[in-house]
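Just below is one structure, and these are the notes that go with it.
By convention in this document, chain letters (A, B, ...) are assigned in the order of the sequence lines, proteins followed by strands, and residues within each chain are numbered from 1.
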Amino acid sequence: MQYIEVNNLTFEYEGETVLDNISFTVAPGEFVMLTGENGAAKTTLLRNVLGLLKPLKGSATISKKNVAGEKLSIGYIPQQIASFNAGFPSTVLELVRSGRFQCGKWFKRLDAADHEHVERALKSVGMWEMRHKKIGELSGGQKQRVCIARVFATDPDLLVLDEPTTGMDFKSRNDFYSLLKHNSQVHGKGILMVTHDHEDIKNYADRHIQLVRKEDSPWRCFAMTSCNMPSKPQS
Amino acid sequence: MEMLRHDFMQYAFQASILIAVIAPILGLFLVLRRQSLMADTLSHVSLVGVALGFLINVNPTIMTLVVVVIAALIIEYMRSLYSTYSEVSIAILMSAGLSLALILMSLKPGGMGQNVQQYLFGSIVTITAGQVRVLFALFLVVLLLFTFFRRPMYVVTFDEDTAHTAGLPVKLISLAFNVITGVTIAVIMPIAGALLVSAIMVLPAAISMRLSKSFSLVMVIGVIIGLIGMLGGLTVSYEWGTPPGATITMVFVVFFVVSGAVLAIGKKIAKARKAV
């Protein structure tokens with residue numbers, strides 16, 4: 001079973017091919033990092049995977065079900081989400097609680113289990129003490145951690161993360177990678193993460209997909225290479 | 001309360017209460033979706049409906065509703081074209097709407113100045129019992145929709161991509177919100193006047209955003225400010241004999257300035273205390 005399946009995906013932007021013949025999969029319990037230079041269409045690839053953009057050729061599909069046969073839930077952190085809506089009038093707690101809505105709680109009261117998920121998520125990123133703060137009062141790194149907590153609160157089967165550690169210090173980044181590793185290995189979450197931080201993350205990820213510039217094509221066109229990471233000590 | 005002996009003032013107060021509850025709720029989402037000027041735009045666009053109604057002898061309110069719903073659909077389409085600059089779609093439609101309204105007005109032999117003026121500067125004290133009933137129906141619809149859809153709206157407003165991956169029909173929700181806002185504006189416009197609709201929708205939300213940290217509280221405070229502004233403005237307007245719409249707006253503006261000053265002073269005092 002694969003959570004993400006990308007087959008021969010080609011994507012054009014304003015008539016120019018930017019992604020050429022990309023194929024990869026992300027299985028449950030697999031932690032995949034996606035890297036590439038600036039402008040390598042990493043975010044574009046993620047948006048194709050999530051169905052926010054349509055490929056010109058090939059396909060990108062996400063499994064409808066998780067390993068237990070239930071509806072697959074997705075946790076997504078877009079690039080720069082924290083700075084995008086920093087002025088949103090909401091407390092940290094309200095925002096992280098909103099992550100529980102997609103767990104069948106759009107029209108139902110949140111129960112004790114939901115509140116427990118929220119508390120655990122906030123504590124896992126070290127933001128529990130800041131729960132009554134307004135989002136706009138936080139630093140860039142703290143906002144990013146709140147967005148991560150929101151995603152963890154949804155308890156998703158698949159995590160799609162676009163440079164989620166922007167603005168975070170070295171220790172917070174490594175704690176976060178370690179948390180992701182734990183989630184993939186112990187809880188069977190599938191993880192696809194865009195990052196520029198491949199030196200740090202290679203100690204945690206199972207596979208590395210790199211978008212590389214095609215030599216025989218216009219400068220903006222990227223293809224991919226993929227390699228498995230050597231076995232690393234468990235977190 | 002001598003003024004409440006008059007039927008027209010009773011209707012005005014009833015209408016004010018209804019508007020004060022629904023306008024800040026919609027207004028907060030408008031501000032957060034960077035569509036603060038949407039109320040302004042749709043009120044200008046709705047003049048097309050008024051002009052068209054007078055031109056072809058159809059009830060202007062019905063024509064306004066039709067035109068505003070079409071405009072709301074166009075705005076949603078244009079938002080997808082200018083996703084990062086959603087105000088562009090609003091600005092374009094505002095100019096287009098006003099121009100079309102002026103052209104349509106010029107086509108009516110003898111002009112329609114007086115009738116259109118009534119819509120532009122509509123007065124809440126001329127509201128009829130029938131209009132109050134329509135407003136009450138709208139109040140119930142908005143409140144019902146808000147009760148059921150406040151959570152999806154919260155997530156869609158925070159980030160549309162996140163909402164999409166959470167399985168929400170983002171485009172449908174966005175479209176429905178625009179249409180409801182359009183209909184609300186079309187109903188409020190002849191009551192408050194096109195030029196003042198925007199202030200009534202945006203100012204309570206803008207003020208409350210500065211007064212609270214929590215989204216739910218921002219919403220509640222917005223409604224309270226809406227009630228104070230509408231009822232206070234109406235009372236002042238009755239006592240001083242000033243135009244009600246303009247007076248209500250000025251009450252909101254004074255509220256905005258005073259609350260800003262109090263906040264700034266409060267921050268300075270807190271800073272000084274910390275320094276000590």
Is [X] atom [atom1] crowded by more than 12 heavy atoms from other residues, nucleotides or ligands, each under 6.0 Å away?
{"X": "B/Phe256", "atom1": "CZ", "value": "no"}
{"X": "B/Lys171", "atom1": "NZ", "value": "no"}
{"X": "B/Arg133", "atom1": "CZ", "value": "no"}

To check you understand the geometry: which heavy-atom pair defines the closest contact between A/Ile74 and B/Thr165, and what is its length?
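In this case the closest contact between A/Ile74 and B/Thr165 is CB-O, 4.0 Å.
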N/O donor-acceptor pair under 3.5 Å between B/Arg151 side chain and A/Lys108 backbone
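Pair found, side chain donor or acceptor close to backbone of A/Lys108.
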Any donor-acceptor N/O pair, A/Glu94 side chain to B/Ser216 backbone, under 3.5 Å
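Judged by distance alone, yes, a pair lies under 3.5 Å.
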For A/Trp106 and B/Phe148, run side chain to side chain contact (heavy atoms under 4.5 Å, CB included): C-alpha distance rounded to whole Å, both residues' side-chain angles, the deciding distance at 0.1 Å, then the answer.
CA-CA 8 Å; A/Trp106 291 114; B/Phe148 279 105; over 6 Å; no
If you measure from [atom1] on [X] to [atom2] on [Y], what distance do you get to the nearest 0.5 Å?
{"X": "B/Phe215", "Y": "A/Ser98", "atom1": "CZ", "atom2": "OG", "answer": "10.5 Å"}
{"X": "B/His164", "Y": "A/Leu50", "atom1": "NE2", "atom2": "CG", "answer": "7.0 Å"}
{"X": "A/Thr91", "Y": "B/Leu217", "atom1": "OG1", "atom2": "CG", "answer": "9.5 Å"}
{"X": "B/Asp161", "Y": "A/Tyr76", "atom1": "CG", "atom2": "OH", "answer": "5.0 Å"}

Highest number of heavy-atom pairs under 4.5 Å with chain B: which of A/His132, A/Lys105, A/Lys133?
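Sorted descending by pairs with chain B, the first entry is A/Lys105.
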Non-hydrogen side-chain atoms of [X] and [Y] separated by less than 4.5 Å:
{"X": "A/Arg150", "Y": "B/Thr162", "answer": "yes"}
{"X": "B/Val155", "Y": "A/Gln102", "answer": "no"}
{"X": "A/Leu93", "Y": "B/Ser214", "answer": "no"}

Against chain A, work out which of B/Pro152, B/Ser212, B/Ser208 has the most heavy-atom pairs shorter than 4.5 Å and name it.
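The option with the most such pairs is B/Pro152.
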B/Tyr154 vs A/Phe101 aromatic rings, parallel, tilted or perpendicular, using cut-offs 30° and 60°?
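Ring orientation of B/Tyr154 relative to A/Phe101: perpendicular.
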What part of A/Ser90 gets within 4.5 angstrom of chain B, counting heavy atoms only: side chain, backbone, both, or neither?
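Both parts, heavy atoms under 4.5 Å.
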